[in-house]
Amino acid sequence: MSSGEAVRTDFIRDIIDEHNRTGRFGGRVHTRFPPEPNGYLHIGHAKSICLNFGIAQQYGGQCNLRFDDTNPTKEDVEYVDSIMEDVRWLGFQWDGLYYASDYFEQLYQWAVQLIKAGLAYVCDQTPEEVRRSRGTLTAPGQESPYRNRTVAENLDLFERMRAGEFADGSRTLRARIDMGASNLNLRDPVLYRILKAEHHRTGNKWCIYPMYDYAHGQSDSLERITHSICTLEFENHRPLYDWFIEALGIYAPQQIEFARLNLTYTVMSKRRLLSLVQEGHVSGWDDPRMPTIAGLRRRGYTPEGLRQFCAVIGVTKFNSLTEVELLEHCLRDDLNKRSPRVMAVLNPLRVVITNYPEGQVEQLEFINNPEDPSAGSRQVPFSRVLYIEQDDFREQAPKKFFRLTPGGEVRLRWAYYLKCNEVVKDEAGNIVELRCTYDPASRGGWTPDGRKVKATIHWVSAEHAVAAEVRLYDRLFTKEDMNDLAEGEDWRTHLNPRSLTVTRAYVEPSLAEATPGGVPFQFERQGYFQLDPKDSRPGQPVFNRTVTLKDSWAKIEKKEQGD
RNA sequence: UGGCCCUUGGUGUAACGGUAGCACGAUUGACUCUGGAUCAAUUAGUCUAGGUUCAAAUCCUAGAGGGCCAGCCA
């Protein structure tokens with residue numbers, strides 16, 4: 001972690017400090033990040049990753065990466081690979097790499113131990129019967145008629161479950177706890193179910209698979225995890241987590257729960273993200289509009305920016321909704337320092353400088369990054385025909401608009417003063433060209449008479465420009481809180497139809513040599529852009545807009561129109 | 001309806017019985033060859049009601065509001 005990222009304290013670190021004071025774990029700190037490989041990681045996982053790996057770093061401890069792969073019907077190696085890539089890209093390296101499936105045999109032996117202790121039994125109830133006998137939030141459940149089978153019978157049945165003698169769903173192994181418990185997780189939870197499915201790592205070795213509750217705590221225990229940090233929805237599971245550890249008489253980690261990240265204008269549930277991909281609302285898990293790590297990476301987000309964001313949002317038990325503006329702030333803050341400034345005209349308007357000699361080309365010096373003098377400068381060609389941004393010219397200038405207007409003068413960035421003399425239109429009345437004059441004495445952007453212009457606009461030389469595709473992204477959804485939907489309302493109805501805009505842009509010649517994965521660029525006055533790693537081709541660059549620059553003109557214009 | 005958890009400006013958080021602070025956002029101004037960046041200022045808060053205490057955002061009780069739980073998902 002770089003030095004700029006402050007280590008904050010939070011209630012979890014407070015608990016760890018307390019444990020260190022009392023010596024509960026002998027001063028040891030060992031966390032783990034335990035994703036299920038059933039989807040791509042998203043920015044909510046980044047919060048968890050930064051928390052778990054960050055704590056390990058801060059306390060001189062360790063952090064494991066463990067795949068919680070106990071449900072073969074939903075998991076896949078594609079996800080395993082993407083998860084490892086994402087964790088590394090975020091800047092973390094795990095100490096131990098494990099899979100819950102590594103522990104299947106041990107978990108089985110522990111189940112036998114529970115059966116022998118009279119704490120688990122094989123149940124023949126159908127899923128429907130189990131549901132009916134579980135009771136409700138207010139009423140206790142009824143005990144299963146199979147609850148009092150003998151140890152010998154349970155042992156025999158459980159062994160035959162493993163041997164594949166029974167059909168999927170026909171039997172389960174259940175813990176013998178309390179059907180009247182107010183915490184429903186304690187009403188004889190299922191430990192093992194029969195699932196004749198091929199597992200991405202163990203193949204067909206097993207046809208019974210442990211449930212999350214039965215596998216997770218014991219996996220933590222085996223890895224000598226000290227602090228098992230998870231999200232709030234597992235709070236009700238902690239008594240069960242502790243029950244297994246206690247019943248088995250094994251090493252006891254401490255589970256601690258925190259609130260997951262929610263962001264405005266996006267969805268974070270794996271189910272919804274999967275739907276977006278499968279239903280084609282986005283191009284894939286790494287679509288730059290997705291809140292996935294892969295999507296954010298492709299869009300141009302940096303690990304530093306993401307880590308800073310995770311540091312700034314903090315960790316609490318309060319179910320919050322973080323404004324996406326905070327994320328964007330963290331990104332701009334990082335990008336601003338490191339991005340070379342370049343010229344790109346997104347919506348080109350042709351400008352002919354009538355008093356500039358035909359065929360003449362000048363090389364003008366551009367500062368690469370005013371924030372970073374060591375970034376140096378470069379040469380950019382200037383000639384008689386340029387492209388400027390359509391938005392930078394208004395035939396009828398609104399109030400407070402001080403870019404180019406008929407008869408008005410602006411500065412071309414690092415070049416000359418430019419005055420508009422004539423507007424050329426097509427039959428339909430569209431502006432197709434501006435005929436302008438420049439002031440030869442203003443070379444470099446200053447005039448000897450010291451007269452001022454109110455605006456500086458960007459441009460590219462038409463003859464030298466490189467055509468590029470530029471993809472502009474907006475929020476994926478138009479609704480701020482996607483967890484706050486009306487009864488029966490389909491979340492898809494809030495998809496933003498304008499979340500992607502593609503433009504045919506002209507960029508300065510130096511960008512022809514840009515390579516994917518290289519430095520991010522700031523297109524002056526527009527935003528930060530990164531080459532698309534999938535669709536960009538040499539000579540045919542495709543740029544993704546990572547985030548816009550703050551645009552105070554847009555704000556003024558909106559306000560003026562509102563008045 | 002039962003259990004568990006949560007509640008500090010618009011948003012995210014800090015304050016560990018003793019001055020309610022920071023960041024984002026918003027607004028205003030300064031500066032500027034990016035209407036960018038930077039800098040400065042302003043804005044705005046302890047869910048309610050009781051109680052304990054010299055003193056409560058903090059402890060207690062009740063209420064209100066929110067979250068999670070009735071998968072052989074995690």
Side-chain angles (χ1 to χ4, degrees), chain A residues 8-11 14 34-36 38 68-71 73-75 123 125-127 130-132 134-141 168-174 181-187 189-195 208-209 211-213 215-216 230-239 257 259 261 264 270-271 312-330 332-333 336-337 341 343 367 370-371 400-403 410-415 444-446 452-458 483 522-527 548-557:
Chain A
R8 281 198 173 207
T9 192
D10 52 62
F11 80 99
D14 288 347
E36 182 190 12
N38 68 342
D68 227 325
D69 55 349
T70 56
N71 184 357
T73 64
K74 290 188 176 167
E75 295 151 10
C123 181
Q125 285 184 311
T126 63
V130 170
R131 174 150 35 93
R132 274 207 310 268
R134 186 151 27 226
T136 69
L137 295 176
T138 49
D168 280 15
S170 62
R171 284 186 164 86
T172 57
L173 183 74
R174 294 227 254 163
S182 57
N183 182 336
L184 273 59
N185 293 126
L186 262 20
R187 318 243 262 228
V190 171
L191 273 53
Y192 273 93
R193 74 282 216 191
I194 301 171
L195 226 48
I208 56 171
Y209 290 93
M211 299 289 290
Y212 166 85
D213 285 309
H216 201 95
C230 60
T231 43
L232 248 30
E233 66 270 26
F234 293 104
E235 210 162 14
N236 293 331
H237 294 243
R238 179 153 32 94
E257 311 85 16
L261 171 70
T264 53
K270 278 195 190 175
R271 202 193 89 249
V312 158
I313 57 177
V315 181
T316 68
K317 298 189 74 156
F318 179 64
N319 207 298
S320 60
L321 177 63
T322 300
E323 294 176 336
V324 71
E325 286 83 356
L326 183 56
L327 207 212
E328 293 177 341
H329 165 78
C330 293
R332 288 192 188 104
D333 195 46
N336 177 46
K337 290 176 247 169
R341 273 60 170 167
M343 302 285 221
I367 303 294
E371 302 289 319
K400 293 183 185 169
F401 179 89
F402 41 84
R403 276 115 90 153
V410 296
R411 173 164 41 227
L412 294 170
R413 180 73 154 157
W414 304 120
W446 297 107
K452 299 240 162 119
V453 288
K454 273 189 172 165
T456 299
I457 66 172
H458 58 278
N483 288 324
Q522 184 196 105
F523 288 2
E524 289 220 21
R525 306 204 300 133
Q526 310 269 8
T548 60
L549 247 25
K550 285 207 278 184
D551 185 353
S552 48
W553 163 243
K555 218 176 277 178
I556 293 167
E557 194 178 30

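The basis for the numbers below is simple: all heavy atoms, side chains too, and nothing from hydrogens, waters or symmetry mates. Here is how names work: the chains are called A, B, and so on, in the same order as the sequence lines, proteins then strands, and each is numbered from 1. Quantities reported herein were computed from a predicted structural model and do not represent experimental measurements.
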Write down the distance separating the [atom1] atoms in [N] and [M], rounded off to the nearest Å.
{"N": "B/A64", "M": "B/U1", "atom1": "P", "result": "9 Å"}
{"N": "B/G10", "M": "B/C6", "atom1": "P", "result": "23 Å"}
{"N": "B/G12", "M": "B/G67", "atom1": "P", "result": "14 Å"}
{"N": "B/C24", "M": "B/C5", "atom1": "P", "result": "35 Å"}
{"N": "B/U58", "M": "B/A15", "atom1": "P", "result": "15 Å"}
{"N": "B/G25", "M": "B/U11", "atom1": "C1'", "result": "7 Å"}
{"N": "B/A14", "M": "B/G9", "atom1": "P", "result": "13 Å"}
{"N": "B/C22", "M": "B/U8", "atom1": "C1'", "result": "13 Å"}

Phosphate OP1/OP2 of [N] contacted by [X] side-chain N/O (<4.0 Å):
{"X": "A/Arg193", "N": "B/A74", "answer": "yes"}
{"X": "A/Ser182", "N": "B/C4", "answer": "no"}
{"X": "A/Ser552", "N": "B/G36", "answer": "yes"}
{"X": "A/Ser320", "N": "B/U13", "answer": "yes"}
{"X": "A/Arg187", "N": "B/G2", "answer": "no"}
{"X": "A/His458", "N": "B/U34", "answer": "no"}
{"X": "A/Arg171", "N": "B/C72", "answer": "no"}
{"X": "A/Lys317", "N": "B/C4", "answer": "no"}

Closest to the [X] side chain: [options]?
{"X": "A/Arg525", "options": "B/G36, B/G35, B/C72", "result": "B/G35"}
{"X": "A/Asp551", "options": "B/G2, B/A37, B/G35", "result": "B/G35"}
{"X": "A/Leu184", "options": "B/G71, B/C69, B/G36", "result": "B/C69"}
{"X": "A/Thr136", "options": "B/C68, B/U34, B/A70", "result": "B/A70"}
{"X": "A/Asn336", "options": "B/G12, B/G36, B/U1", "result": "B/G36"}
{"X": "A/Phe318", "options": "B/G12, B/A74, B/G3", "result": "B/G12"}
{"X": "A/Asn71", "options": "B/G2, B/G35, B/A74", "result": "B/A74"}

What I'd like to find out is whether the side chain of A/Arg193 reaches to under 4.5 Å of the side chain of A/Asn71, using heavy atoms alone.
yes
NA contact type, [X], heavy-atom cut-off 4.0 Å: base, sugar-phosphate, or nothing?
{"X": "A/Phe11", "answer": "nothing"}
{"X": "A/Phe234", "answer": "base"}
{"X": "A/Glu75", "answer": "nothing"}
{"X": "A/His237", "answer": "base"}
{"X": "A/Arg403", "answer": "base"}
{"X": "A/Arg134", "answer": "sugar-phosphate"}
{"X": "A/Thr264", "answer": "nothing"}
{"X": "A/Leu137", "answer": "base"}
{"X": "A/Leu321", "answer": "sugar-phosphate"}
{"X": "A/Thr316", "answer": "sugar-phosphate"}
{"X": "A/Glu36", "answer": "sugar-phosphate"}
{"X": "A/Glu323", "answer": "base"}
{"X": "A/Pro34", "answer": "nothing"}
{"X": "A/Tyr209", "answer": "nothing"}

Pair partner, [N] [Watson-Crick or wobble, under 3.5 Å]:
{"N": "B/A44", "result": "none"}
{"N": "B/C39", "result": "B/G29"}
{"N": "B/C16", "result": "none"}
{"N": "B/G65", "result": "B/C6"}
{"N": "B/U11", "result": "B/A23"}
{"N": "B/C73", "result": "none"}
{"N": "B/U34", "result": "none"}
{"N": "B/A55", "result": "none"}

Distance, rounded to the nearest Å, where A/Trp553 contributes CH2 and B/U34 contributes C1'
16 Å
A/Lys454 NZ to B/C31 P, in whole Å, measures 15 Å
Take A/Glu371 and A/Arg341 through the side-chain contact (heavy atoms from CB on, under 4.5 Å) test and state the conclusion after the steps.
CA-CA 10 Å; A/Glu371 302 289 319; A/Arg341 273 60 170 167; 3.5 Å; yes
Report yes if a donor N or O on one partner sits less than 3.5 Å from an acceptor N or O on the other, where the partners are the side chain of [X] and the base of [N]; otherwise report no.
{"X": "A/Asp14", "N": "B/C16", "value": "yes"}
{"X": "A/Asn185", "N": "B/C69", "value": "no"}
{"X": "A/Gln522", "N": "B/U34", "value": "yes"}
{"X": "A/Glu371", "N": "B/G36", "value": "yes"}

Rounded at 0.5 Å granularity, tell me how far [atom1] in [X] sits from [atom2] in [Y].
{"X": "A/Gln125", "Y": "A/Arg132", "atom1": "CD", "atom2": "CZ", "result": "9.0 Å"}
{"X": "A/Met211", "Y": "A/His216", "atom1": "CE", "atom2": "NE2", "result": "14.5 Å"}
{"X": "A/His458", "Y": "A/Met343", "atom1": "NE2", "atom2": "CE", "result": "7.5 Å"}
{"X": "A/Glu524", "Y": "A/Leu549", "atom1": "CD", "atom2": "CG", "result": "9.0 Å"}

Using the glycosidic torsion, which applies to B/G67: syn (within 90° of 0) or anti (everything else)?
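Anti, since the glycosidic angle lies more than 90° from 0.
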Quick one: on RNA chain B, does A/Thr138 or A/Leu549 contact a more 5' nucleotide (nearest heavy atom)?
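On the 5' side of the pair lies A/Thr138.
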Between A/Tyr212 and A/Phe402, which has a closest nucleotide on RNA chain B that is more 5'?
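Result: A/Phe402.
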Mind telling me whether A/His237 and A/Phe234 have parallel, tilted or perpendicular rings, with 30° and 60° as the class edges?
perpendicular
Pair A/Ile457-A/Arg525, side-chain contact (heavy atoms from CB on, under 4.5 Å): steps then yes or no
CA-CA 8 Å; A/Ile457 66 172; A/Arg525 306 204 300 133; 3.5 Å; yes
